[in-house]
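The next block holds one structure in the form of structure tokens; read it before the comments.
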Amino acid sequence: MANTAPRVASLLYEVEPGAKVDISGWVRTRRDSKHGFSFVELNDGSCMSNLQVVVNADVPGYEETIKEMTTGSSVRFTGELKESPGAKQRVELHAESLELLGVADAEKYPLQKKRHSFEFLREIAHLRPRTNTFGAIARVRNCVCRAIHDFFQERTFLYVQTPIITTSDCEGAGEMFTVTTLEPSTDGQPVDYAEDFFGKKASLTVSGQLEGEIYATAVGPVYTFGPTFRAENSNTTRHLSEFWMIEPEVPFCDLEGDMQLAEDFIKNIVRRCLDECAEDMKFFNDRIDKTVLETLKNILDNDFKRVSYTEAVELLEQSGKKWEYPVEWGTNLQAEHERWLTEEHFKQPIIVFDYPRSFKPFYMYCNDDGKTVRAMDVLVPGVGEIIGGSQREHRLDVLESRFEECGLDTEEYWWYLDLRRYGSVPHAGFGLGLERMILLLTGMQNIRDVIPFPRTPKNAEF
RNA sequence: UCCCCGAUAGCUCAAUUGGUAGAGCGCCGGACUGUUAAUCCGUAGGUCGUAGGUUCGAGUCCUACUCGGGGAGCCA
């Protein structure tokens, strides 16, 4: 047995009838004809569709084996690929041999030939990739990851691995998980991190941005692509405790360039998925969200609407809507505001920029107006904020005063300030939440269903 | 963390003013069939989330807890 055999996807869409085939996979369903033969629907994860295997009763082993080929069992067939008289497939496999590799007790196997709720499937996350929806998500997610690397590689960005364990805090990004080998204190005494593994308090990263800036100001455009951890007690359909983030950082770049990069980036990913995962994308449109293809086409066909925070506030004030959270210049936009702007008013992705400095972190470039910073958020219908980014403050004196303003210790960020002391340049970057991007692409509602093994408060199974 | 809602068969759900549980699907058995969400008939399958309480009597009412869902905040 070798894993070089063609897979179902190529048999269905590429290989010509007449080919001799050796194929292994899992049974999705079986239909028996009492006096003659059985149809076995074989899936191997290479695509949404199954290979229909026609097994005649005269195939050796048929009588003893076919009843065991229940939903979920693993099987292997050899035979000849033939044109299918059925309307639903181009070709089918006429089996000449059959082999049951692993049984799946039909009485106990949790996946049935019917739809299951996503809540139920979350409880069996080790089996859910065997379903149509989660197989499709896995393929789309893979496509997105490839598209991301290709996008940046084609633009000469360097892929930089920033640390997962870190002793710096990208302030404002959220609560951090502590990494320690110390036993929990039982006497109520505060933990002495000087005694800890790293000799100081260490955490799981909440962002690779600060380290990304180090490389961007040395080797040119870079991007990070890795797991990120937030210990926030967030219980929503859009938050994970462990998620994947892509963070480009570009020297000699201002906010304008940053926004353009973000827009090109998202459009590129959308285009790749539509081109390369057409079958899966059609499934999402048919079964998950009837508007998803239209939404994605809309994204490709239009420039993202750019609106300053100040303009956004004016639009919200003039909307005549009753807001649960009052709109006032100087307060952060709430979900209801963002949703109205992108879903009801503009009905397309928008980029809100130049936010008040009062609620934005220290590293963002301060505008001359003394009130705003060069920050931008990309908001998309259905998902909300998908990208957050900014031009970074590269002026040493301004940055130092911002540290003071934010109550931060410059000593801890000595290396970050060095970047401004020696050869400082304007630079900018952003962070894209991978799982939120996949929500947008698939029309899935809950972020826990677009990552293989979701980690959320009180949940870290598998 | 806050606010709402929920937990009954393997899955999805129903059960009247409180009177000791039903359906569909799935499974299994049978019939039929180049089928493809197959179709038709039948069988089996439940300590009603956990622990208390009210009551002659609780799936149903009350309390606590656990878990799940939706929304909010925080953010990507």
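Numbered from 1 within each chain, the chains take letters A, B, ... in sequence-line order.
Remark: A/Arg287 fails to qualify as a cation-pi partner of A/Phe284 under the 6.0 Å distance and 45° angle criteria applied to the six-membered ring. A cation-pi contact, defined as under 6.0 Å to the ring centre and within 45° of the axis, is absent between A/Lys305 and A/Phe346.
Between A/Cys145 and A/Leu434, the closest side-chain pair of non-hydrogen atoms falls below 4.5 Å. Inter-residue side-chain proximity for A/Val160 and A/Thr162 is flagged as met; some heavy-atom pair is nearer than 4.5 Å.
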* Asked: Would A/Lys82 and A/Glu16 count as a salt bridge (Lys or Arg N to Asp or Glu O under 4.0 Å) if you check the C-alpha gap in whole Å, the side-chain angles of each, and the deciding distance to 0.1 Å?
  -> CA-CA 8 Å; A/Lys82 294 188 177 178; A/Glu16 291 301 317; over 6 Å; no

* Test side chain to side chain contact (heavy atoms under 4.5 Å, CB included) applied to A/Phe229 and A/Phe243, step by step -> CA-CA 7 Å; A/Phe229 309 88; A/Phe243 65 100; over 6 Å; no

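Note on A/Glu435: nothing from the nucleic acid sits closer than 4.0 angstrom, heavy atoms only. Nucleic acid contact for A/Phe430: none, since no nucleic acid atom lies under 4.0 Å from a heavy atom of the residue. Across all strands, A/Asn235 comes closer than 4.0 Å to base atoms (heavy-atom distances). Nucleic acid contact class of A/Thr236 (heavy atoms, under 4.0 Å, all strands): base. Residue A/Arg339 is in sugar-phosphate contact alone, with no base atom involved, counting any heavy-atom pair closer than 4.0 Å across all strands shown.
Between A/Arg30 atom CZ and B/G34 atom C1' the separation is 16 Å, expressed in whole Å. A/Asn233 places its CG atom 16 Å from the P atom of B/A72, with the value rounded to the nearest Å. Across the protein-nucleic acid pair, A/Glu92 atom CD and B/G34 atom P stand 14 Å apart, rounded to whole Å. Rounded to an integer number of Å, the gap from A/Leu434 CG to B/C75 P is 21 Å. Nucleotide B/A76 holds its P atom 12 Å from the CD1 atom of A/Ile447, rounded to whole Å.
Across B/C28, B/G34, B/C74, the shortest atom-to-atom separation from the side chain of A/Thr70 is found for B/C28. If you check B/G73, B/U35, B/C28 against the side chain of A/Ala106, the one that comes closest is B/C28.
For B/U47, the base adopts the syn conformation, since its glycosidic angle falls within 90 degrees of zero.
Sorted by first and then second residue, the ring-ring contact (aromatic ring centres under 6.0 Å, His included) pairs involving residues 435-462 of chain A (not counting sequence neighbours) are A/His126-A/Phe462. For residues 52-62 of chain A, the side-chain hydrogen bond (donor to acceptor under 3.5 Å, both in side chains) pairs, not counting sequence neighbours, are A/Arg31-A/Gln52, A/Ser38-A/Tyr62, A/Gln52-A/Glu92. Listed by first and then second residue, the ring-ring contact (aromatic ring centres under 6.0 Å, His included) pairs that reach into residues 371-393 of chain A come to none, sequence neighbours excluded.
Using P as the reference atom, B/G68 and B/U55 are 35 Å apart when rounded to the nearest Å. Spacing of P atoms, B/G52 relative to B/A38, comes out at 46 Å, to the nearest Å. Taking the P atoms as reference points, B/G19 lies 41 Å from B/G30, given to the whole Å. Spacing of P atoms, B/G73 relative to B/U39, comes out at 45 Å, to the nearest Å.
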Kindly list each side-chain donor-acceptor pair under 3.5 angstrom involving residues 118-125 of chain A, sequence neighbours excluded, with atom names and distances?
{"unit_1": "A/Arg122", "atom_1": "NE", "unit_2": "A/Asp449", "atom_2": "OD1", "d": "2.8"}
{"unit_1": "A/Arg122", "atom_1": "NH2", "unit_2": "A/Asp449", "atom_2": "OD2", "d": "2.7"}

For residues 132-143 of chain A, dump all side-chain donor-acceptor pairs below 3.5 Å to protein atoms at least two apart in sequence or in another chain.
{"unit_1": "A/Asn132", "atom_1": "OD1", "unit_2": "A/Arg28", "atom_2": "NH1", "d": "2.7"}
{"unit_1": "A/Arg139", "atom_1": "NE", "unit_2": "A/Asp280", "atom_2": "OD1", "d": "3.4"}
{"unit_1": "A/Arg139", "atom_1": "NE", "unit_2": "A/Asp280", "atom_2": "OD2", "d": "2.9"}
{"unit_1": "A/Arg139", "atom_1": "NH1", "unit_2": "A/Gly45", "atom_2": "O", "d": "2.8"}
{"unit_1": "A/Arg139", "atom_1": "NH2", "unit_2": "A/Asp280", "atom_2": "OD1", "d": "3.0"}
{"unit_1": "A/Arg141", "atom_1": "NH1", "unit_2": "A/Glu435", "atom_2": "OE2", "d": "3.0"}
{"unit_1": "A/Arg141", "atom_1": "NH1", "unit_2": "A/Val450", "atom_2": "O", "d": "2.9"}
{"unit_1": "A/Arg141", "atom_1": "NH2", "unit_2": "A/Glu435", "atom_2": "OE2", "d": "3.0"}

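Among residues two or more places apart in sequence or in another chain, the salt bridge (charged side-chain N to carboxylate O under 4.0 Å, His left out) test is passed with A/Glu317 by none. Listed by chain and number, the residues in a salt bridge (charged side-chain N to carboxylate O under 4.0 Å, His left out) with A/Lys371 amount to none (sequence neighbours excluded).
No hydrogens or angles were tested; on distance alone, a donor-acceptor pair under 3.5 Å links the side chain of A/Arg230 to the base of B/A76. No donor-acceptor contact under 3.5 Å links the side chain of A/Asp32 to the base of B/U33. For A/Arg436 against B/C75, a side-chain N or O and a base N or O form a donor-acceptor pair under 3.5 Å.
Listed in residue order, the members of residues 81-88 of chain A having a heavy atom less than 4.0 Å from RNA chain B are A/Ser84, A/Pro85, A/Gly86, A/Ala87, A/Lys88. Within residues 381-394 of chain A, the residues that place at least one heavy atom under 4.0 Å from RNA chain B are, in residue-number order, A/Glu385, A/Ile386, A/Ile387, A/Gly388. Listed by residue number, there are no residues of residues 8-16 of chain A with a heavy-atom contact under 4.0 Å to RNA chain B.
Side-chain N/O atoms of A/Gln334 include one lying less than 4.0 angstrom from OP1 or OP2 on B/G73. Between A/Asn446 and the phosphate of B/G70, there is a side-chain N or O to OP1/OP2 separation shorter than 4.0 Å. Contact annotation: A/Arg122 side-chain N/O to B/G69 OP1/OP2 distance is under 4.0 Å. Residue A/Thr237 places at least one side-chain N or O closer than 4.0 Å to OP1 or OP2 of B/G71. For the OP1/OP2 pair of B/C75 and a distance below 4.0 Å, the side-chain nitrogens and oxygens of A/Asn332 include at least one atom meeting the criterion. The phosphate of B/A38 has OP1 or OP2 within less than 4.0 Å of a side-chain N or O from A/Lys113.
Counted by atom type alone, A/Gln209 and A/Glu213 present one or more donor-acceptor pairs between their side chains at under 3.5 Å. Counting only N and O atoms by type, the side chains of A/Asp254 and A/Tyr365 include no donor and acceptor under 3.5 Å apart.
Residue order along RNA chain B, read from the 5' end via each residue's closest nucleotide, puts A/Gln445 first among A/Gln445 and A/Leu432.
Taking a pair as Watson-Crick or G-U wobble with both distances under 3.5 Å, the runs of three or more consecutive pairs in RNA chain B are B:1-7 with B:66-72, B:10-13 with B:22-25, B:28-31 with B:39-42, B:49-53 with B:61-65.
For A/Phe225 and A/Tyr159, the gap between ring centers reaches or exceeds 6.0 Å.
Using a 30° and 60° split on the angle between ring planes, A/Phe362 and A/Phe403 fall in the tilted class, from 30° to 60°.
A salt bridge links A/Arg76 with A/Asp22; the closest basic N to acidic carboxylate O contact falls under 4.0 Å.
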* Can you check each nucleotide of nucleotides 7-13 of chain B against protein heavy atoms at under 4.0 Å and return B for base, S for sugar-phosphate only, - for none, in 5' to 3' order? => ---BBS-

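Residue A/Tyr223 forms a side chain to side chain donor-acceptor pair (under 3.5 Å) with just one option from A/Glu249, A/Glu247, A/Gln153, and that option is A/Gln153.
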